[in-house]
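As the structure lists them, so they are numbered: ligands from 1, and atoms in each ligand from 1.
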Amino acid sequence: MTEPTYILGIESSCDETACSVVADGREVLSNCVASQIELHKRFGGVVPELASRAHIESINNIVAEAIAQAGVEPGKISAVAIANEPGLIGSLLIGLMAAKTIAWIWDVPLVAVNHVYAHAYAAALDEGPIEYPAAALICSGGHTALYRCDSPMEMTLLGGTIDDAAGEAFDKVAKILQLSYPGGPVIDRVSKDGDPNLIDFPRSLLAGDSLDFSFSGLKTAVLYHVNGVPGPRPTRTGRKPGPAARRASMQANAGRGIENFTTQEVADVAAGFQAAVVDTLRIKLRRAAAKIGVKTLVIGGGVAANSALRAAVIKLADKLGCAVRMPKMAYCVDNAAMVAGLAYHYLQAGKIADLTLAARPTVRI
Ligand code: KG4
Ligand code: ZN
């Protein structure tokens with residue numbers, strides 16, 4: 001029996017320091033993640049400078065832990081994989097330097113993978129191969145994009161967000177509702193007690209055949225629902241708005257402030273918001289699937305952990321008569337198993353990097 005190909009993967013593109021060992025691109029032997037959620041909680045979002053410092057503190061331990069948990073002799077590891085794009089530059093650099101150092105010391109190839117492509121591969125981990133062509137919807141805190149996938153490495157971008165990412169909208173709306181950070185899991189939980197049809201929040205960019213997304217209008221609609229519509233601004237001459245304008249503004253300004261919302265009302269807002277996001281994602285995925293004529297629907301990224309989205313995508317696949325692949329919860333959010341898994345295909349194809357590899361914070365994906 002031939003020895004499996006073991007790859008050590010490293011991921012540090014945002015606020016998770018992660019390392020994993022994966023055999024033959026599929027079998028996850030270890031999946032270690034040092035989360036920075038507690039560090040960024042009080043800011044309601046990731047603070048890049050704090051994130052890079054925390055990566056420096058965690059990286060050595062997390063790599064050692066992943067190797068120990070996998071129970072594979074370092075001498076048997078065939079390559080080191082790194083997600084070198086896209087992400088926060090300071091964060092990417094920490095993982096990249098660690099990956100280069102290990103590859104150099106072990107004298108094994110360095111393999112570079114795109115973090116978003118790795119999210120689209122996550123559904124293949126611990127499972128059989130994905131059947132292509134597939135339509136992949138990747139939505140996380142930093143990205144919302146639709147791809148046509150013809151193999152793990154052949155990804156064609158069909159559409160993306162023109163403003164906020166879906167996960168970012170979950171995080172910002174949770175902040176408006178004074179729920180905890182990160183917003184996705186808590187809105188998912190709270191929504192179960194709410195009525196998704198009570199408040200008709202807007203679904204954006206549905207006209208025509210657009211495959212792009214926009215979530216900032218939805219976020220603003222939630223803000224206005226809670227705090228009211230801001231009154232008219234002073235005129236250009238600096239004069240205050242007249243009585244008619246003030247009256248109109250007061251009528252529109254029905255917001256009561258979140259402190260006056262009951263638990264049930266918060267749940268209804270959360271459920272209405274979540275339904276608007278899920279509807280939009282489902283409609284765009286259906287359009288992409290029809291355009292491609294897919295064998296499989298794939299979702300990935302932190303928002304792929306959302307229970308309403310998972311249910312909607314299963315239903316959609318059933319309607320379309322195609323397969324559906326969704327990552328296990330641990331592989332939805334940022335992790336290094338998806339990086340090591342995808343890197344196996346690059347290694348097989350001889351696509352390896354060298355020690356001059358750069359980190360690229362924003363790339364055309
Ligand atoms: O993939 P990920 O760990 O990081 C990025 O690459 O951005 O995704 C994190 C995002 C956060 O915005 C978080 O609120 C969201 O994924 N998220 C969820 C759920 N779990 C995490 N969004 C909706 N529902 C969830 N259950
Ligand atoms: Zn991610």
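Close N/O approach between His143 and ligand 1 is not found [any backbone or side-chain N/O within under 3.5 Å].
Among protein heavy atoms, atom 22 (N) of ligand 1 sits closest to Gly184 CA, 3.2 Å. Shortest contact from atom 26 (N) of ligand 1 to any protein heavy atom: Asp188 OD2, 3.0 Å. What sits closest to atom 2 (P) of ligand 1 on the protein, heavy atoms only, is Asp334 OD1, 3.4 Å. The protein heavy-atom contact nearest to atom 24 (N) of ligand 1 is Asn306 ND2, 3.0 Å.
Between Leu137 and the choices Leu158, Val298, Leu281, the side chain to side chain contact (heavy atoms under 4.5 Å, CB included) rule is met once, by Leu281. Between Leu8 and the options Val22, Leu29, Ile67, a side chain to side chain contact (heavy atoms under 4.5 Å, CB included) holds for only Ile67.
Ligand-side atoms of ligand 1 in range of Val303: 16 (O), 18 (C), 22 (N), range being under 4.0 angstrom from any heavy atom. When each atom of ligand 1 is checked for a heavy atom of Gly167 under 4.0 Å away, the hits are 12 (O). Within ligand 1, counting atoms from 1 as listed, the ones closer than 4.0 Å to a heavy atom of Val333 are 1 (O), 3 (O). Residue-ligand proximity, Pro182 to ligand 1, at heavy-atom distances under 4.0 Å covers atoms 14 (O). Heavy-atom proximity to Gly141, at under 4.0 Å, picks out these atoms of ligand 1: 5 (C), 7 (O), 8 (O), 9 (C), 10 (C), 12 (O). Applying the 4.0 Å criterion to heavy atoms of Ser140 picks out, from ligand 1, the atoms 1 (O), 2 (P), 5 (C), 6 (O), 7 (O), 8 (O). Those atoms of ligand 1 that come under 4.0 Å of a heavy atom in Asp171, given as number and element, are 11 (C), 12 (O), 13 (C), 14 (O). Annotation for ligand 1: atoms under 4.0 Å from non-hydrogen atoms of His119 are 1 (O), 6 (O).
Ion pairing between Arg287 and Asp209 fails under the 4.0 Å rule for side-chain N and carboxylate O. Under 4.0 Å is where a charged nitrogen must lie from a carboxylate oxygen, and between Lys219 and Asp164 at least one such pair does. By the 4.0 Å N-to-carboxylate-O rule, Lys315 lies too far from Asp318 to be salt-bridged with it. Ion pairing between Glu168 and Lys172 holds under the 4.0 Å rule for side-chain N and carboxylate O. Salt-bridge annotation for Asp193 and Arg189: absent, with no side-chain N of the basic residue lying under 4.0 Å from a carboxylate O of the acidic one.
For His115, the closest heavy-atom approach to ligand 1 falls below 4.0 Å. At least one heavy atom of Ala305 sits closer than 4.0 Å to an atom of ligand 1.
Of the candidates Ala304, Gly87, Gly302, Cys139, Gly302 brings a heavy atom nearest to atom 1 (O) of ligand 1.
Any protein N/O/S atom under 2.8 Å from the Zn ion (ligand 2) was counted, giving 3 altogether.
A donor-acceptor pair is defined here as one N or O able to donate and one able to accept, closer than 3.5 Å; such a pair exists between the side chain of Ser52 and the backbone of Pro48. Checking side-chain atoms of Arg310 against main-chain N and O of Ala304 turns up a donor-acceptor pair under 3.5 Å.
Both the sub-6.0 Å distance and the 45° axial angle are satisfied by Arg256 relative to the ring of Phe261.
Within 6.0 Å of CD in Glu73 there are 12 or fewer heavy atoms belonging to other residues, nucleotides or ligands.
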Begin with the C-alpha distance, continue with both residues' side-chain angles, and end with the deciding distance and a verdict on side-chain hydrogen bond (donor to acceptor under 3.5 Å, both in side chains) for Glu85 and His115.
CA-CA 6 Å; Glu85 62 181 27; His115 173 90; over 6 Å; no

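For the residue pair His55 and Asp15, no side-chain donor N or O sits within less than 3.5 Å of a side-chain acceptor on the partner.
In this structure, OG1 on Thr280 lies 7.0 Å from CG on Leu218, to the nearest 0.5 angstrom.
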